[in-house]
Amino acid sequence: QVQLVESGGGLVQAGGSLSLSCAASGRTISRYAMGWFRQAPGKEREFVAGITRSGGRTKYADFVEGRFTISKDNSKNTMYLQMNSLKPEDTAVYSCAADTQDSIWYIASNAAEYEYWGQGTQVTVSS
């Protein structure tokens, strides 16, 4: 199985940027489609962005509106989420996840389809 550890969260002012990382160990992430999810207090976990095994295809939630970029470096066994133009409503715990499904093009947006999860990193955007 794969272990995932997020880093890069923190406190930033509205309009600022943060770069999150998801470092994997145990198995290569080239085997997995992967995703970023977030959960704000009192709200359900929601899909943010996803990427295929190869990194050649990505998918974003509508609320991203071109502000975030997901990427992965299979050689470093790490996935990233670059977040720009952050808003207070982006405040949440951000978690990365890996999906073991076989498709090379499918990106799941349902959290239940992801088998492995990191512990999450807090992102706080002040107004």
Side-chain angles (χ1 to χ4, degrees):
Q1 61 183 28
V2 63
Q3 292 79 43
L4 304 173
V5 178
E6 303 93 338
S7 61
L11 173 64
V12 65
Q13 290 188 333
S17 298
L18 280 175
S19 181
L20 305 184
S21 297
C22 173
S25 61
R27 287 187 176 178
T28 173
I29 61 172
S30 63
R31 300 169 60 108
Y32 306 106
M34 299 187 70
W36 285 99
F37 288 78
R38 71 184 188 183
Q39 187 167 21
K43 295 188 176 181
E44 292 188 354
R45 179 181 287 172
E46 63 180 350
F47 174 78
V48 177
I51 191 166
T52 51
R53 290 182 179 179
S54 68
R57 182 172 178 264
T58 58
K59 178 180 177 179
Y60 296 92
D62 289 344
F63 63 76
V64 169
E65 298 177 329
R67 300 178 296 128
F68 299 174
T69 303
I70 187 172
S71 62
K72 62 187 315 206
D73 186 336
N74 288 340
S75 67
K76 295 182 178 179
N77 228 24
T78 302
M79 178 177 68
Y80 306 95
L81 185 67
Q82 176 65 40
M83 303 188 295
N84 300 325
S85 302
L86 283 162
K87 306 174 182 179
E89 52 264 43
D90 293 318
T91 295
V93 174
Y94 285 70
S95 300
C96 63
D99 180 1
T100 62
Q101 50 85 14
D102 291 333
S103 174
I104 62 173
W105 58 269
Y106 176 70
I107 299 171
S109 56
N110 186 339
E113 296 186 61
Y114 288 80
E115 287 81 6
Y116 300 109
W117 291 84
Q119 82 289 350
T121 185
Q122 176 70 46
V123 171
T124 303
V125 185
S126 63
S127 56

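- With sequence neighbours excluded, no residue forms a salt bridge (charged side-chain N to carboxylate O under 4.0 Å, His left out) with Arg27.
- At least one side-chain heavy atom of Val48 sits under 4.5 Å from a side-chain heavy atom of Phe63.
- For Tyr114, the ring-ring contact (aromatic ring centres under 6.0 Å, His included) partners two or more places apart in sequence, or in a different chain, are Phe37.
- Remark: the backbone N or O of Ala92 is not paired with any side-chain donor or acceptor of Gln39 at under 3.5 angstrom.
- For Ser127, there are no side-chain hydrogen bond (donor to acceptor under 3.5 Å, both in side chains) partners two or more places apart in sequence or in a different chain.
- A search for side-chain contact (heavy atoms from CB on, under 4.5 Å) contacts involving Ala33 returns Asp99, Gln101, not counting sequence neighbours.
- Residue Tyr60 is grouped with residue Met79 when hydrophobic side chains (ILVMFWY) are merged at heavy-atom distances under 4.5 angstrom, including chains of intermediate members.
- Between the side chain of Gln13 and the backbone N or O of Ser126 there is no donor-acceptor pair closer than 3.5 Å.
- Tracing side-chain contacts under 4.5 Å through hydrophobic residues (I, L, V, M, F, W, Y), one never reaches Tyr80 starting from Ile70; they form parts of separate clusters.
- Surrounding CD1 of Ile104 are at most 12 heavy atoms belonging to other residues, nucleotides or ligands under 6.0 Å away.
- Remark: side-chain polar atoms of Asn84 are not paired, donor with acceptor, to backbone N or O of Gly66 under 3.5 angstrom.
- Take Glu44 and apply the salt bridge (charged side-chain N to carboxylate O under 4.0 Å, His left out) test, not counting sequence neighbours, and it matches no residue.
- In this structure, Trp117 CH2 and Cys22 SG are separated by 10.5 Å, a value rounded to the nearest 0.5 Å.
- Hydrophobic clustering (side-chain heavy atoms under 4.5 Å, transitive across Ile, Leu, Val, Met, Phe, Trp, Tyr) groups Phe68 together with Val12.
- Side-chain contact between Thr100 and Arg31 is absent, with no heavy-atom pair separated by less than 4.5 Å.
- By the side-chain contact (heavy atoms from CB on, under 4.5 Å) test, Gln1 is found to be paired with Gln3, Tyr116, residues two or more places apart in sequence or in another chain being considered.
- The shortest side-chain heavy-atom distance between Arg53 and Asp102 falls under the 4.5 Å cut-off.
- Atom NZ of Lys76 has 12 or fewer neighbouring heavy atoms from other residues, nucleotides or ligands inside a 6.0 Å radius.
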Using the rule given for side chain to side chain contact (heavy atoms under 4.5 Å, CB included), can you reason through Met83 versus Arg67, listing the C-alpha separation, both sets of side-chain angles and the distance that settles it, and then say yes or no? CA-CA 6 Å; Met83 303 188 295; Arg67 300 178 296 128; over 6 Å; no
